[in-house]
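From a predicted model like this one, the values you see are computed outputs, not experimental measurements. One-based numbering, in listed order, for ligands and for the atoms of each. In this chain, numbering begins with 1 at the start of the sequence shown.
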Amino acid sequence: MLLDLSGKKALVTGIANNRSIAWGIARQLHLAGAKLGITYLPDEKGRFEAKVRELTAPLNPGLFLPMDVQNPEQMQSVFQQLERQWGQLDILVHCLAFANKADLVGDFTNTTAQGFRTALEISSHSLTSLCRLAKPLFSQGASVITLTYLGAERAVPNYNVMGLAKAALEASVRYLAAELGPEKQVRVNAISAGPIRTLASSAVGGILDMIHHVEERAPLRRTVTQQEVGNTAAFLASPLASGISGQVLYVDGGYCIMGF
Ligand code: 0WD
């Protein structure tokens, strides 16, 4: 098999349901032979846990743990268990984001300092925190993958504060790649996905209009699927991408190249 991840240990964050991009990534990593660790966002009633546990059971995750990236103890505990059970980490998938709904509609000038902090803390700084905790565990040639969107560099209607968070995330990818590359050849990259209907994207005002717009204008005349993003993540996680680091890779049907 050209793309072989057998024996690789991958931590996948951000699976909320069967529409999640992280779910598409987890499935493709599993198909390529990777051993999975799954984290889920815990809620008081345990609904997320039950849903994600049932969904991911067929992939036989070796680790299944709660992790809210706003909870430093929980993050630390994930990596302690990971160290005990696996001893090392080959693939880290950061596939989560959050902004208050009020900050994802209407005028950008209404963005509050609190809304700004929340969006950047959860959606950008969490990647740095995960990399700091994973740093001692990264194997030679390990791969870190995060998810971004074109709203980082263009003013996309309603994306607002999340555009700022993604811009910071893309800059973080470059700084993390520069820090983590020299010692162990760890690579850090982002996938900029076209719009896909998910729980998170439904919070962005006018997501269906965005999808239709892409379907009309992208060179491929369609948006992309979770599986296509998953395939690209599997490639980036593999030695086939051993020369690629610090990049933003567009998986958007070519939309971002169009002038209008
Ligand atoms: O069109 C899209 N769907 C695109 C999404 C286009 C381009 C990029 N992306 C990005 C998103 O910004 C995000 O970074 O892909 C990533 C995954 O998003 P998704 O698959 O669209 O959304 P979803 O299935 O909702 O997964 C995101 C999950 C959360 O779900 P909800 O909807 O409950 O917020 O991120 C997790 C949670 O599971 N999450 C957290 N995890 C840990 N700690 C936290 C947190 N504090 N907050 C949210």
The side-chain contact (heavy atoms from CB on, under 4.5 Å) partners of Ala241 (sequence neighbours excluded) come to Arg187, Phe235, Leu236, Ile244
Listed by chain and number, what are the side-chain contact (heavy atoms from CB on, under 4.5 Å) partners of Leu104, not counting sequence neighbours? Ala99, Met162, Ala203, Val204
Gln114 versus Thr118, side-chain donor and acceptor atoms under 3.5 Å: yes
Identify all N/O pairs between ligand 1 and the protein with a separation under 3.5 Å and present them as a table of atom names and distances.
unit_1, atom_1, unit_2, atom_2, d
ligand 1, 1 (O), Ile196, N, 2.7
ligand 1, 1 (O), Ile196, O, 3.2
ligand 1, 3 (N), Ile196, O, 3.0
ligand 1, 3 (N), Thr198, OG1, 3.4
ligand 1, 12 (O), Lys166, NZ, 2.8
ligand 1, 14 (O), Leu96, O, 3.3
ligand 1, 14 (O), Lys166, NZ, 2.9
ligand 1, 20 (O), Ile21, N, 2.8
ligand 1, 21 (O), Thr198, OG1, 2.5
ligand 1, 22 (O), Thr198, OG1, 3.4
ligand 1, 24 (O), Ser20, OG, 2.6
ligand 1, 25 (O), Ala200, N, 2.9
ligand 1, 26 (O), Gly14, O, 3.4
ligand 1, 43 (N), Asp68, OD1, 3.4
ligand 1, 43 (N), Val69, N, 2.9
ligand 1, 46 (N), Asp68, OD1, 2.8

Kindly say whether Ala234 contributes a backbone atom to a donor-acceptor pair with the side chain of Gln28 at under 3.5 angstrom? no
My understanding is that only residues two or more places apart in sequence, or in another chain, count here; which of them pass side-chain contact (heavy atoms from CB on, under 4.5 Å) with Ala134? Phe79, Leu89, Leu92, Phe138
Ring-ring centroid check Tyr250 Tyr255, cutoff 6.0 Å: no
